[in-house]
Amino acid sequence: MTTAGPPATIHFVGAGPGDPQLLTLKGRALIEQADVIVFADSLVDARVCEFARPDADIHGSSSLTLEQTLELMLSAAREGKRVVRLQSGDPSIYGAINEQIAILEREGVPYEIVPGVSSAFAAAARLGVEMTVPNVSQTVILTRRSGRASAVPALEELRTLAAHQASMAIFLSAAMMGKVVRDLVSAGYPATTPCAVVYKVSWPDEKIVRGTLADIGRKVRAARFTRQAIILVGAAFGERSDERSRLYAPDYVHLFRSSG
Ligand SMILES: C[S@@+](CC[C@H](N)C(=O)[O-])C[C@H]1O[C@@H](n2cnc3c(N)ncnc32)[C@H](O)[C@@H]1O
């Protein structure tokens, strides 16, 4: 069935890392109103769908091809139904939304992206750290190690990025922990660099392994993390530094605070 009116907007909603309390208010409202929800059931905690109406049509996307997923969303939007595409974490990070949006644009179907809490930031929060400690690291690199199907550009190989020794959040790579460590150390991170791997951050079965590049490979192998784990590495994840941001120094005068 196709309505006479224009198609409804398809909403890509960041579901956050797992805990439904980490949804944005806007994301939750869209889930509550949705007629059709397509969610990445291999990564999104099903508890997030508990906000949906009892009569909402809910589909897991793990068993669908891109074409099937798009067909489902497009036909519902053309019937004027409210469609939510639930993505894990933040949709803009490894969410494969680019290819979905390209088809929506070609088909003239409007869309909106609602950001979510990425697992990188949920993991940093869980560890109780700031990723950008003054004079320790002022840069965060979100990346993955190249693998069989990862299409990482040559200039973004982990070894190249590691030369900066910045704070790094490495996605989709826990199953290659040995190779990740080898790349980081061969590029110059000292073996004493703090590293933590967080499995299913904010899920009820969350697990955290902490160590240094010297021992994290062995610890992650022992914990048997392969998927749904994020690697955080860099000096900022170690012992708390005494460094302070200049922003709050008494002698630092700016627009919102005068001296004295
Ligand atoms: C396809 S990517 C999606 C990333 C997601 N868009 C985000 O912003 O977190 C999947 C990878 O993200 C990380 N990831 C996603 N959810 C996670 C969670 N709850 N805990 C730990 N890592 C997670 C893992 O590295 C996993 O292999």
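Just follow the structure's listing: the first ligand is 1, and inside any ligand the first atom is 1. Counting from 1, the numbers follow the sequence of the chain as shown.
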Exercise. Give yes if a backbone or side-chain nitrogen or oxygen of Val201 is under 3.5 Å from a nitrogen or oxygen of ligand 1, and no if not.
Key: yes
Quiz prompt | Atoms of ligand 1, numbered as shown, that sit under 4.0 Å from any heavy atom of Val198 | solution = 21 (C)
Quiz item: What protein heavy atom sits nearest atom 12 (O) of ligand 1, and how far off is it?
Solution: Phe171 CD2, 3.4 Å
Practice problem: Closest by any non-hydrogen atom to atom 4 (C) of ligand 1: pick that one out of Thr226, Ile231, Ile93, Leu22. | Solution: Ile93
Quiz item: Should you measure from each heavy atom of Trp203, which atoms of ligand 1 turn up under 4.0 Å away?
Solution: 19 (N)
Practice problem: Using non-hydrogen atoms of the residue, decide whether Lys200 is closer than 4.0 angstrom to ligand 1. | Solution: yes
Quiz item: Can you check side chain to side chain contact (heavy atoms under 4.5 Å, CB included) on Thr193 and Leu184, steps first, answer last?
Solution: CA-CA 10 Å; Thr193 306; Leu184 297 176; over 6 Å; no
Quiz item: Short question: side chain of Arg82, backbone of Gln33 - any donor-acceptor pair under 3.5 Å?
Solution: yes
Quiz item: Quick one: do the Gln100 and Thr69 side chains pair a donor with an acceptor below 3.5 Å?
Solution: no
Quiz item: Is a salt bridge present between Glu206 and Arg126, judged by a nitrogen-to-oxygen distance below 4.0 Å?
Solution: yes
Quiz item: What is the closest protein heavy atom to atom 15 (C) of ligand 1, and at what distance does it sit?
Solution: Ser119 OG, 3.6 Å
Self-check item: Ring geometry between Phe225 and Tyr199 (parallel below 30°, tilted from 30 to 60°, perpendicular above 60°)
Solution: parallel
Quiz item: Mind checking whether Gly18 has a heavy atom under 4.0 Å from ligand 1?
Solution: no
Quiz prompt | Cation-pi check, Arg85 onto Phe39 ring (under 6.0 Å, within 45° of axis) | solution = no
Quiz prompt | Protein residue, atom and distance nearest to atom 19 (N) of ligand 1, heavy-atom basis | solution = Pro17 O, 2.9 Å
Quiz item: So is there a nitrogen or oxygen of Gly89 less than 3.5 Å from a nitrogen or oxygen in ligand 1?
Solution: no
Quiz item: Do Glu107 and Arg78 meet the salt-bridge criterion of a basic N to acidic O distance under 4.0 Å?
Solution: yes
Self-check item: Cationic N near anionic O, under 4.0 Å, Glu79 to Lys81
Solution: yes
Quiz item: In the protein, what heavy atom is nearest to atom 2 (S) of ligand 1, and what distance, to one decimal place, separates them?
Solution: Tyr94 CB, 3.7 Å
Exercise. Provide, to 0.1 Å, the distance between atom 5 (C) of ligand 1 and the closest protein heavy atom, together with that atom's residue and name.
Key: Ser88 O, 3.3 Å
Quiz prompt | N or O contact, Ile170 vs ligand 1, cut-off under 3.5 Å | solution = no
Quiz item: Is Asp90 close to ligand 1, meaning an N/O of one under 3.5 Å from an N/O of the other?
Solution: yes
Quiz item: Do any N or O atoms from the side chain of Ser173 and from the backbone of Phe171 form a donor-acceptor pair under 3.5 angstrom?
Solution: yes
Practice problem: Mark yes or no for whether Tyr189, through its side chain, and Ala166, through its backbone, hold a donor-acceptor pair below 3.5 Å. | Solution: yes
Self-check item: Any N/O pair Tyr199/ligand 1 closer than 3.5 Å
Solution: no
Quiz item: ligand 1 versus Ala229, non-hydrogen atoms closer than 4.0 Å: side chain, backbone, both, neither?
Solution: backbone
Quiz item: Once you round to the nearest 0.5 Å, how far does CE of Met176 lie from OG1 of Thr226?
Solution: 11.5 Å
Quiz item: Where on Leu43 is there a heavy atom closer than 4.0 Å to ligand 1, on the side chain, on the backbone, on both, or on neither?
Solution: side chain
Self-check item: Among Ser118, Ala123, Pro91, closest by any non-hydrogen atom to atom 7 (C) of ligand 1
Solution: Ser118
